Amino acid sequence: MRLIIRDGEDSASLYVANYIVERIKYFAPTPENPFVLGLPTGSSPLGVYRILVDRYKTGEISFENVVTFNMDEYIGIPRDHPQSYHTFMWQSFFSHVNIHPRNVHILDGNAPNLEAECIRYEAQIKAAGGIDLFLAGIGEDGHIAFNEPGSSLASRTRVKTLAYDTVLANSRFFDNDVSQVPKMALTVGVQTVLEAREVVVVVLGARKAPALQHCIEEGVSHMWTLSSLQLHPHPLIVCDEDATLELKVKTVKYFKSIERVALTQGFEQILPTTLRTSTSTALKKPPLPPPTIITLPNGDTSTPPESASESEDSPAIFAPQPVKSRLLRASSPAAEYPLRVSRSASPELDLIPDRMAERIIGGEALRGRLTPTPGTSRTGV
Ligand SMILES: N[C@@H]1[C@@H](O)[C@H](O)[C@@H](COP(=O)(O)O)O[C@@H]1O
């Protein structure tokens with residue numbers, strides 16, 4: 001985990017914007033090998049977007065070959081609603097730079113089949129070669145995207161109910177009227193974020209201080225989903241002084257000293273650029289075969305999510321790699337840990353057999369009162 005602390009919002013935003021510009025420029029994206037950028041909404045990234053727009057206007061950076069995927073979108077408000085994330089992104093950023101509309105991806109919170117929309121989104125990310133850099137903000141409850149407390153750390157893009165704290169916090173954008181705030185959203189999952197080659201989080205202001213403290217100083221917890229970044233190989237959090245208010249003095253000094261020492265040694269507190277991003281197309285994932293169309297129970301069609309078998313095969317670490325933890329790769333725990341017994345057709349008997357009774361002297365009488373053996377009936381127990 002790298003934590004960069006700046007005096008205020010402006011200097012923190014400047015750091016993040018410079019960082020993104022550097023990443024894109026070094027990557028030297030082309031139409032065949034675009035830079036894939038994950039993007040957030042909220043007030044935290046606004047300063048970053050402003051600087052990126054300025055840099056574009058001065059000719060320093062081009063978004064011609066940048067593909068974007070937004071983190072989330074409300075369900076049920078019109079796409080052109082002033083507070084939709086579509087509106088936010090076009091007003092704050094996309095309209096001011098040379099990005100191709102076809103390269104912009106934002107979840108459709110009005111899709112006729114929301115689950116199919118989520119599956120499609122994951123497939124689009126995979127087809128783009130994965131996300132090179134995911135920029136994020138956080139909620140006051142430590143959520144990343146809309147992965148509210150209690151979200152699975154193996155979650156993927158899905159429909160999510162918003163926590164009351166989030167509805168309350170976001171009511172400032174809806175005339176402070178909680179009743180107007182959508183209660184559900186589509187969001188990329190924690191796992192979707194962790195699979196980005198690099199994650200950069202901007203955390204501003206005292207109201208984010210408790211969340212930052214939990215995520216930096218405490219353990220990984222589904223109650224503070226940003227803390228999952230502790231499992232990512234290349235996470236960077238950039239915050240202002242106010243956001244550090246709940247951190248121990250020792251923690252703040254430690255992270256500041258790392259940056260200072262790195263600078264006095266003549267390098268930034270980042271991995272060598274050549275290790276982080278490559279201009280070689282060979283390092284990108286190969287294009288996917290045409291997606292298989294599946295028919296959902298309600299008759300809609302969609303593409304299936306890819307199995308978790310990929311990404312084991314790159315021996316050289318040239319670019320930031322997706323998380324390989326077995327736990328975090330488990331898109332389906334049931335598939336990851338198959339039962340050794342054949343599963344019963346009856347849900348009542350669909351349990352792992354417990355043969356403890358066999359090990360208890362005189363346990364015959366107990367047999368059947370413990371977890372049933374598949375194929376036997378509980379009748380008469
Ligand atoms: N879904 C978004 C998050 O992605 C964002 O990080 C958060 C913080 O917003 P702000 O930066 O305005 O505090 O707002 C919403 O909940």
Side-chain angles (χ1 to χ4, degrees), residues 8-10 12-13 16-17 37-51 68-77 81-89 91-93 105-109 118 121 131 133-151 155 157-176 178 180-190 192-194 196 199-212 214-215 223-229 235-240 242-243 245:
E9 290 191 12
D10 291 347
S13 300
V16 174
L37 183 61
L39 293 174
T41 53
S43 48
S44 307
L46 277 175
V48 177
Y49 291 148
R50 267 194 293 272
I51 298 166
T68 64
F69 285 90
N70 259 82
M71 296 195 122
D72 41 24
E73 176 59 287
Y74 289 120
I75 290 176
I77 58 173
H81 186 286
Q83 295 307 330
S84 81
Y85 287 170
H86 274 82
T87 303
F88 175 95
M89 286 309 300
Q91 284 184 349
S92 316
F93 186 44
H105 301 86
I106 305 179
L107 283 153
D108 179 2
C118 296
Y121 206 64
I131 291 173
L133 187 157
F134 222 137
L135 178 65
I138 63 166
E140 290 173 38
D141 58 7
H143 71 228
I144 187 162
F146 267 134
N147 292 289
E148 298 286 30
S151 291
S155 55
T157 305
R158 67 202 186 289
V159 177
K160 189 75 195 74
T161 308
L162 304 186
Y164 181 66
D165 285 356
T166 300
V167 172
L168 208 52
N170 290 0
S171 66
R172 69 191 193 276
F173 301 117
F174 291 83
D175 300 327
N176 290 312
V178 173
Q180 287 184 40
V181 186
K183 308 295 183 296
M184 298 183 82
L186 297 183
T187 180
V188 295
V190 175
T192 319
V193 176
L194 291 181
V199 184
V200 177
V201 186
V202 55
V203 183
L204 303 176
R207 67 191 174 92
K208 302 289 174 68
L212 188 65
H214 274 90
C215 298
M223 297 310 287
W224 302 86
T225 52
L226 179 73
S227 66
S228 63
L229 283 195
L236 167 65
I237 296 179
V238 182
C239 70
D240 61 5
D242 283 354
L245 285 174

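All of these numbers come straight from a predicted model, not from anything done at the bench. Note that ligands are numbered from 1 as they come in the structure, with each ligand's atoms numbered from 1 the same way.
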Got the closest protein heavy atom to [atom], with its distance?
| atom | answer |
| --- | --- |
| atom 5 (C) of ligand 1 | T41 O, 4.0 Å |
| atom 15 (C) of ligand 1 | Y85 OH, 3.6 Å |
| atom 16 (O) of ligand 1 | H143 NE2, 2.9 Å |
| atom 8 (C) of ligand 1 | I138 O, 3.2 Å |
| atom 1 (N) of ligand 1 | D72 OD2, 2.7 Å |

Under 4.0 Å from any heavy atom of N170, which atoms of ligand 1 are there?
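Selected atoms, number and element: 15 (C), 16 (O).
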Only heavy atoms of F146, strictly under 4.0 Å: list the atoms of ligand 1 that pass.
1 (N), 15 (C), 16 (O)
Between F173 and Y74, is the gap from one ring center to the other below 6.0 Å?
no
So, does R172 sit close enough to ligand 1 that a heavy atom of it is under 4.0 Å from the ligand?
yes
[X] side chain to [Y] main-chain N or O, any donor-acceptor pair under 3.5 Å?
| X | Y | value |
| --- | --- | --- |
| T187 | D72 | no |
| E73 | L186 | no |
| T87 | H81 | yes |

N or O contact, K208 vs ligand 1, cut-off under 3.5 Å
yes
Check: of A145, S44, G42, min heavy-atom distance to atom 11 (O) of ligand 1 comes from S44
Indicate whether any N or O donor in one side chain lies under 3.5 Å from an N or O acceptor in the other, for S228 and T225.
no
Just by distance, no angles: are the side chains of R158 and T192 close enough, under 3.5 Å, to form a donor-acceptor pair?
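No.
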Heavy-atom side-chain contact between M184 and V159 under 4.5 Å
yes
Check whether any side-chain heavy atom of V203 sits under 4.5 Å from a side-chain heavy atom of V238, and report yes or no.
no
Honestly, for R207 the part within reach of ligand 1 (heavy atoms, under 4.0 Å) is side chain
